[in-house]
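One structure is given here, and the rest of the page talks about it.
Excluded from the calculations below are hydrogen atoms, water molecules and symmetry mates; all remaining heavy atoms, backbone and side chain alike, are included.
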Amino acid sequence: MSDISFDLSEVTWGYREIFRQALDDLRCAGFLGDETSEVSDVLVEMLNRRGGNQLYDHVLKNFLDSLNRGDSWILRIPDLFSAWAALGADFARHKLHLGMKYFELWGQGSFGENAEDVSYVLCKAREMFRRDKDLAFAFVCSFGDLRARLNYGEIDVFVECAFTIRQNSAASAEEFIRLNTKTSLLYVDIISKESRLEAISDVLRAYASAIAGIVFEVNPVSMLDSDELIESGSSVVCIQGHLFLPGRVALRDSKKENIAIHKLLSCIAASSLLFRSFPVRHGEPGAGSSLECLQGMEVADPVIFNNCFIFLETCRVLKCMMETFPGVVKELADTISAERARVVGEGVLANYCSMIEVATCRKSNHETDIPLELERLVKDVMAKSCCFEDTIEIISKHLGVSGNRHVLGDLFSVRASALSYFPDFMFRGHVTAAPSGLRPPDIGDERLDNPHGADDSADRERVSVLSADDKPGSAGGRDEDREDAEIRSFSYDEWNHHENDYYENWCTLRERRLKATAQCSIPEQYERLAVIARRLFESLRPDNPAKLKRLPEGDNINVDHFTDFMSHRKAKIWQQPRFYEKTSIRRRDISVALLIDFSGSTADDVTGGEKVIDLEKVSAYILGEGLSGSGDPFGVFGFNGNGREKSDFFVIKDFEDSWSPETRCSIFGARPAASTRIGVALRHAGSKLGRMPARRKLMILITDGRPMDTGYDPGSGYAQNDVRKAVEENMVNGIDTFCISTRENPFEDLDLMFPLSRYVVVSGMEQLPSLLPKFYLRLTR
C-alpha cells in the first residue's frame, strides 16, 4: 500500500480488510500504480480526506465499492474521475449521508450511460451546489429519470423551474426535481413535446430564406416585449428580414408536430414577403404599421380600411401559399381550423376565421353568413391583386361604392386581433443600424458567440421599438430640453442569472449630451476644495525626471556602486553587477470614467439642506478640476432609467472634450429623474472607456441607492447579478470598476455587485466632495 501513501491502520478495524481488498482489485485491474499516477493521486486525496473522522470510513467504503461494480470505466478518464470524486466529497462534507448515497447512486447507474451524460450531470450539479446543496443532490438522484425523458437543454429548463419554486418552498422544490409531484411530471411532459425556437432557429432561418430569397435573422417575439403584441394575441412579426416567432410551441401532442408548427409560421412569414404583402414595407421610415401607412395615403376611413386590408391580405397570402407550395396545404388547413376552434365564441375573430376558410377555397365546417359585397371584394382581390398595393387600390374602389361602404364599414368597424399564425401588420417598429461594440465582451461563455457567424459591425441592423416620445427631435420624455438634444440609441444585452444567459438586445440606451446651464456658481467651500485638488493632482504630473540606480545595464556607471562591486570581487565575494544608472521620466498611463447616478432618489435632501444630486455635481466638478491638473484623460457621465427601453445616458464630458468653462457648467445642468438601471450604464460607459489607449482604465460609479427600475423584482437579485456581470465584462476589457455608495446599498449586495470589495460606503453624501479626490488618489497610486 506504500505506492499510494495511505495507512490502513487508521481505518476502522472492521473496514481494513474491505479497503485492502478493494484497493488490490483496482491495482490488479491496472488502475493504480506509476502508469496511472493521475488516478492514484485522486484516490489518495479522497482517502486522505478521512482526517481522523471514523464516520467518514462509511463514505470511503461506498466510494471504493462503486469503483468495483462494473462501472470503473470512469477511472480511464482522469479529469472526469477527479470531478466525480470531488463532488461526492463536497456532498459528504455538507452532510455525511449524502456522500454515502452519492456513491451508491453511481453503482446504480443514476449518472447516465456514457461519459457525456456524466460530464453534464457533474457540471450541472456543481453549478446547483453553489446555489442550493440539497436541491443539487436531489437533481443527482433524479437525473437518470430526467435523462430518459429530456435532452440537456430541456433539463436546464426543468431545473430553473425548480429554483423558481424554491423561492417559495425549498421542500416543494426538492419534491419537484425528484419527480415526486404531479406538477413535475406534467411539466416534463410539456417540455418534452414543445418546440423551442433556440434549438431550431438555424433550420427556420434556412427555411424562410429559401422561400423569400433573402437572409433572415430569427429571434423570439418576446424580445420585442410590446404590450400591443400581448393585447392582440399575435405571435409573429416580420420586419425586413427580421423574423420574430414564438420562443416555444406546445400546441400539439408531440415534438415533431410542434416543430412543424414553427416551420409553418416561418413559411407564412416568408411567403408574406415572397408575395409582396405589407412586410416588404413594414419597418421603413414612415411605415411603422399598416394603419400609419394608410393614414399617410390619406384614404377614407383609415381604421375600417386597415381592418379590411389585414383580412384580405391574410386571405391572399394563404391562398397563394396553397397554390405555390402544395406540401403545406394540409398543415395550413389544420392550423386555420385550430385557430377557428381556439377563438370559438369570440365574435368578430371567429367570423374572420370562418371567412378565411371559405376565401381559401376550403369548405368551412362552421356556419357563416358572408355578405355578397365582401364575397365580391374577396374574389376581386384573389383574381387581380399581386401585391399589397393592388389590394389597397381594389379596396378603395369597393369602398367608393355607397352600398359597399355601408356593409363593409359595419363588418370591419371593429379590428379583430391579428391571427396568431400570421405576421402582425400593426406592430409599430422600424429597423435601425446599431453602432459597433454593442455585445458584451467574450468572457468564456460560448452562448455569447454570434450564432450567425457575422461580425457585430456598425452595419448590422437591429430592430428598435420606439414610441412617439422616444424619437429623436421629439418634445416628449422626462426633460423639456430633449427636443434640442441629439439622441443616439444603443442596444445592450442584460444578464439573467436565473437562466444563466443573456437577454439579447434587451435594453435600449439613449445617449445625449447634457446642456450647459447658465447658473454655474460654486459655493465658496467647494471652490476651495477644487483649488486644493488641482494643486494636489498637479504634483502627480511627471515633470521631474528620476534617476534609477543599481541597474544591471543603463546609460551611465555609478562610481560608488562600481567601486563597491570591485571591492567585493577582489575579496572573492560574489555580487550581481548592478552599478549602472539611467534617467527616467515617470509616466501616468491611466484613463478614468466618472459615472454618476441621476435617478429620482438623488432629489432627496441631506444634512445642511443640500440635495444629493447637488453634492454629486460639486464632487464631479472638484474631481474634474483635479484631473485636469494631473493630465489624466477622463470622462464624466450620468445615467438614470425608466424601464429597459428608456435608459438614459448623459455625456457631460467625453474623453476627447476639453475641460472648458462650458463643460464645467454642463455638470450643473443635470436633474434627478426616474430610476436606477446600473448594468446598461456600466456597459455603455465601459464601451467608451475601453476604446482609450491607456494601460490602466478606471471607472468610478457614484450611486445613492440600490439598482431599481421598472420590471425588476426587488427580491430576486436580478438587478444585482446583472451589475456584477457588467463589472466582469468591463474587467475582461481591462477596466477596473470602483463604487462609492451610501448605506442604502446593503453590504451583501455590494459584495455581490462589486467583487473583491471594490466599493466604499460613505455614511452620508455630504462627505463626498472632500472624499472623492482622496479615493481617486488612493486608487491610482
Review point. Which atom names give the shortest non-hydrogen contact between Glu313 and Ser277, and what distance separates them?
Key: OE1-OG, 2.6 Å
Practice item. Find out whether Cys293 and Phe278 are in side-chain contact, i.e. whether some heavy atom of one side chain is under 4.5 Å from a heavy atom of the other. Key: yes
Exercise for review: Please identify each residue that fulfils ring pair (Phe, Tyr, Trp, His ring centres under 6.0 Å) with Phe163, with sequence neighbours left out.
Suggested key: none
Revision key, fill the gap. Across all chains, not counting sequence neighbours, the salt bridge (Lys or Arg N to Asp or Glu O under 4.0 Å) partners of Lys330 are Asp334
Check your understanding: Rounded to the nearest 0.5 Å, what separation is found between the CZ atom of Phe305 and the CG atom of Leu291?
Key -> 11.5 Å
Practice item. For the pair Tyr712 and Tyr718, name the ring-plane relationship: parallel under 30°, tilted 30 to 60°, perpendicular over 60°. Key: tilted
Review point. Is there a donor in the side chain of Glu645 and an acceptor in the side chain of Thr508, or the other way round, less than 3.5 Å apart?
Key: no
**Study point:** Side-chain heavy-atom pair Leu204, Ser201 within 4.5 angstrom cut-off
**Key:** no
Practice item. Indicate the atoms forming the closest heavy-atom contact of His282 with Asp424, along with that distance. Key: CE1-O, 3.3 Å
Exercise for review: Could you tell me which residues satisfy ring pair (Phe, Tyr, Trp, His ring centres under 6.0 Å) with Phe137, sequence neighbours excluded, listed by chain and number?
Suggested key: Phe91
Practice item. Begin with the C-alpha distance, continue with both residues' side-chain angles, and end with the deciding distance and a verdict on side-chain contact (heavy atoms from CB on, under 4.5 Å) for Leu135 and Phe129. Key: CA-CA 8 Å; Leu135 198 59; Phe129 188 88; over 6 Å; no
Point to revise | Nearest-0.5 Å distance, CD1 of residue Ile177 to CG of residue Asp134 | key: 11.5 Å
Review point. Got a second to check how far Cys123's SG is from Tyr152's OH, nearest 0.5 Å?
Key: 10.5 Å
Review point. Where the side chain of Ser169 meets the backbone of Arg166, is there a donor-acceptor pair that is under 3.5 Å apart?
Key: no
Study note, to complete from the structure: Rounded to the nearest 0.5 Å, the CG atom of Leu312 sits from the CD1 atom of Ile392 at a distance of 11.0 Å
Review point. Under 3.5 Å, side chain of Ser209 to main-chain N/O of Ile214, donor-acceptor pair present?
Key: yes
Check your understanding: What pairs with Ala270 under side-chain contact (heavy atoms from CB on, under 4.5 Å), at least two apart in sequence or on another chain?
Key -> Ala208, Ile211, Ala212, Phe216
Exercise for review: May I ask you to say whether Lys725 pairs ionically with Asp722, meaning some side-chain N is under 4.0 Å from a carboxylate O?
Suggested key: no
**Study point:** With Glu323 via salt bridge (Lys or Arg N to Asp or Glu O under 4.0 Å) - residues at least two apart
**Key:** Lys319
**Study point:** salt_bridge(Asp709, Arg644) N-O dist < 4.0 Å
**Key:** no
Check your understanding: So among Asn219, Val221, Leu245, which one has a side-chain contact (heavy atoms from CB on, under 4.5 Å) with Leu197?
Key -> Leu245
Exercise for review: Please report the C-alpha distance between Phe490 and Val680 in whole Å, then the side-chain angles of each, then the deciding distance to 0.1 Å, and finally whether the side-chain contact (heavy atoms from CB on, under 4.5 Å) criterion is met.
Suggested key: CA-CA 10 Å; Phe490 299 79; Val680 65; over 6 Å; no
Review point. Side chains of Ile259 and Ile200: does their closest heavy-atom pair fall under 4.5 Å?
Key: yes
Practice item. Could you tell me whether the side chain of Ser271 and the main chain of Leu274 form a donor-acceptor pair under 3.5 Å? Key: no
Check your understanding: Can you tell if the side chain of Val378 reaches within under 4.5 Å of the side chain of Phe311, non-hydrogen atoms only?
Key -> yes
Study note, to complete from the structure: Closest heavy-atom pair, Val188 versus Leu146, reported as atoms and distance to 0.1 Å, is CG2-CD2, 4.3 Å
Point to revise | Closest contact, heavy atoms only, Cys238 versus Leu243 | key: CB-CD1, 4.2 Å
Review point. Going by the salt bridge (Lys or Arg N to Asp or Glu O under 4.0 Å) test, which pairs reach into residues 137-147, not counting sequence neighbours?
Key: Asp117-Arg147
Review point. How many angstroms lie between NZ in Lys646 and OG in Ser489, if you round to the nearest 0.5 Å?
Key: 12.0 Å
**Study point:** Where Ile165 and Ala173 come nearest, the two heavy atoms and their spacing
**Key:** CG2-N, 3.8 Å
Review point. Should the ring pair Phe388 and Phe309 be called parallel, tilted or perpendicular, given that the plane angle runs from 0 to 90° and is split at 30 and 60?
Key: perpendicular
Review point. Where the side chain of Thr314 meets the backbone of Ile310, is there a donor-acceptor pair that is under 3.5 Å apart?
Key: yes
Revision key, fill the gap. Closest heavy-atom pair, Ile395 versus Leu377, reported as atoms and distance to 0.1 Å, is CA-CD1, 4.4 Å
Practice item. Mind checking ring pair (Phe, Tyr, Trp, His ring centres under 6.0 Å) for Phe158 and listing every partner two or more places apart, or none if nothing turns up? Key: Phe176
Review point. Any side-chain heavy-atom pair from Ile155 and Phe139 closer than 4.5 angstrom?
Key: yes
**Study point:** Tyr187 vs Cys161 side-chain heavy atoms within contact, under 4.5 Å
**Key:** yes
Review point. Are Arg683 and Glu729 close enough that some pair of their side-chain heavy atoms sits under 4.5 Å apart?
Key: yes
Review point. Can you name the salt bridge (Lys or Arg N to Asp or Glu O under 4.0 Å) partners of Arg126, sequence neighbours left out?
Key: Asp90
Exercise for review: Answer yes if the side chains of Ser385 and Thr391 hold a donor-acceptor pair under 3.5 Å, and no otherwise.
Suggested key: yes
Exercise for review: Identify, with sequence neighbours excluded, every residue that meets side-chain contact (heavy atoms from CB on, under 4.5 Å) alongside Glu175.
Suggested key: Asn180, Thr181
**Study point:** Under 3.5 Å donor-acceptor, Asn306 side chain and Pro302 backbone
**Key:** no
Review point. So, Arg316 side chain and Phe275 main chain: donor-acceptor pair closer than 3.5 Å or not?
Key: yes
Check your understanding: What do you reckon, are the aromatic ring centroids of Phe143 and Phe111 less than 6.0 Å apart?
Key -> no
**Study point:** Any donor-acceptor N/O pair, Tyr102 side chain to Trp84 backbone, under 3.5 Å
**Key:** yes
Study note, to complete from the structure: Separation between SG (Cys386) and CZ (Arg276), nearest 0.5 Å, reads 10.5 Å
Check your understanding: Any side-chain heavy atom of Ile268 within less than 4.5 Å of one from Tyr421?
Key -> yes
Please list every donor-acceptor pair under 3.5 Å in which a side-chain atom of residues 260-267 meets a protein atom from a residue at least two apart or in another chain.
residue : atom : partner : partner atom : Å
His262  : ND1  : Ser195  : OG           : 2.8
His262  : NE2  : Pro246  : O            : 2.7
Ser266  : OG   : Lys263  : O            : 2.7

**Study point:** side-chain contact (heavy atoms from CB on, under 4.5 Å) partners of Asp380, counting only residues at least two apart
**Key:** Lys384, Ile394, His398
Practice item. Tell me, with the steps shown, if Val328 and Met322 meet side-chain contact (heavy atoms from CB on, under 4.5 Å). Key: CA-CA 7 Å; Val328 304; Met322 289 182 168; 5.6 Å; no
Check your understanding: Can you list the residues that meet the ring pair (Phe, Tyr, Trp, His ring centres under 6.0 Å) rule with Tyr207, with sequence neighbours excluded?
Key -> none
